[in-house]
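Quantities reported herein were computed from a predicted structural model and do not represent experimental measurements. Start at 1 with the first residue, then count along the sequence.
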Amino acid sequence: MKLLKKVLPFLLTVCCVLSFAGCGNTEDAVSDQAPAPALQISSLLTREEVYTATGFSVGEPMDFADGGVNYYSPDGSCSVYIGCQEVTLDGFDALTANFINNGMTLTEAPALGEKALWCEEALELLVYADGYALDLVVEYGSSRPNDSLLAARHLAALLLEDL
């Protein structure tokens, strides 16, 4: 189950990318391509900053086409996922409503951006600021929700400085 929680964001991204890989005509491929992401998280956050926030060292970041990034500890037992998308506040509210509709509990995480919510069940921090939604998941080798929240808050604060 722990492995599934760590690999699930990666697998969902791969499935999404593969599902669009065969769509459309090759002559329309250039015009059908999604625009480049507004932010590339790995260029805003160093491995040292991830270490300072989480307490575990990480290897090179794994960037996703949508601008998200994964950092893994050398032994793979700990990870950080950070996603970012341009969205309105209404879009952010719709995103967080999906969590609630799926039976998860969101609690406010004050003093981060315009709006921030913590989902302990998913170890996920959702932050809205300046037209961007940040999605941060910090997983340790064992269930440590308080540590995950503190690390995610630290990473979010670093990223918000650069938005």
Side-chain angles (χ1 to χ4, degrees), residues 5-20 31-56 58-73 78-140 145-163:
K5 286 177 71 178
K6 291 179 185 176
V7 178
L8 187 59
F10 175 71
L11 290 177
L12 290 174
T13 302
V14 169
C15 289
C16 183
V17 169
L18 291 176
S19 69
F20 289 109
S31 64
D32 287 346
Q33 290 179 351
L39 294 175
Q40 195 68 27
I41 299 298
S42 62
S43 68
L44 302 176
L45 198 61
T46 67
R47 291 174 24 194
E48 291 76 23
E49 289 172 321
V50 173
Y51 172 75
T52 300
T54 64
F56 58 82
V58 295
E60 289 298 320
M62 177 186 286
D63 290 313
F64 297 111
D66 66 357
V69 65
N70 256 102
Y71 295 88
Y72 293 99
S73 64
C78 304
S79 67
V80 173
Y81 169 78
I82 304 170
C84 181
Q85 62 181 330
E86 215 168 338
V87 67
T88 64
L89 183 56
D90 288 339
F92 180 79
D93 289 339
L95 173 72
T96 58
N98 285 333
F99 278 78
I100 296 167
N101 292 340
N102 286 314
M104 296 187 180
T105 304
L106 296 175
T107 55
E108 287 190 34
L112 280 176
E114 296 170 46
K115 195 174 207 180
L117 300 165
W118 168 246
C119 178
E120 186 173 325
E121 296 98 333
L123 301 176
E124 195 159 359
L125 179 64
L126 303 163
V127 180
Y128 179 78
D130 298 323
Y132 291 98
L134 294 174
D135 177 9
L136 299 100
V137 179
V138 178
E139 292 186 298
Y140 292 89
N146 289 335
D147 291 343
S148 294
L149 173 59
L150 291 173
R153 287 182 62 85
H154 187 155
L155 292 167
L158 290 171
L159 291 168
L160 290 175
E161 289 176 5
D162 292 331
L163 286 181

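To the nearest 0.5 Å, atoms OH (Y51) and OG (S73) are separated by 12.5 Å.
At least one donor-acceptor pair under 3.5 Å links the side chain of Y140 to the backbone N or O of T54. E114 contributes a side-chain N or O that, together with a main-chain N or O of D130, makes up a donor-acceptor pair within less than 3.5 Å. When atom types are taken as modelled, the side chain of D66 and the backbone of G68 share a donor-acceptor pair closer than 3.5 angstrom. Although no hydrogens or angles enter the test, the distance criterion places a donor-acceptor pair under 3.5 Å between the side chain of S148 and the main chain of V138. Remark: side-chain polar atoms of E124 are not paired, donor with acceptor, to backbone N or O of D135 under 3.5 angstrom.
A salt bridge links E60 to R47: one of the charged nitrogens lies within less than 4.0 Å of a carboxylate oxygen.
Note on ring orientation: taking the six-membered ring where Trp is involved, the planes of F64 and Y81 are tilted (angle from 30° to 60°).
Considering all non-hydrogen atoms of both residues, A133 and V87 come closest at CB-CG1, 3.4 Å. A pairwise comparison of heavy atoms in A156 and L125 identifies CB-CD2, 4.2 Å as the closest pair.
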Check the pair E121, T105 against side-chain contact (heavy atoms from CB on, under 4.5 Å), reporting the backbone distance first and the verdict last. CA-CA 8 Å; E121 296 98 333; T105 304; 3.5 Å; yes

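Under the 4.5 Å side-chain criterion, counting only non-hydrogen atoms from C-beta, L134 is in contact with L160. A 4.5 Å side-chain heavy-atom check between L159 and V127 finds every atom pair outside the cut-off. The shortest side-chain heavy-atom distance between T52 and H154 falls under the 4.5 Å cut-off. Residues K115 and D93 form a side-chain contact, since some pair of their non-hydrogen atoms from C-beta on lies under 4.5 Å apart.
For F99, there are no ring pair (Phe, Tyr, Trp, His ring centres under 6.0 Å) partners at least two apart in sequence or on another chain. Remark: F92 pairs with Y128 by the ring pair (Phe, Tyr, Trp, His ring centres under 6.0 Å) rule, at least two apart or across chains.
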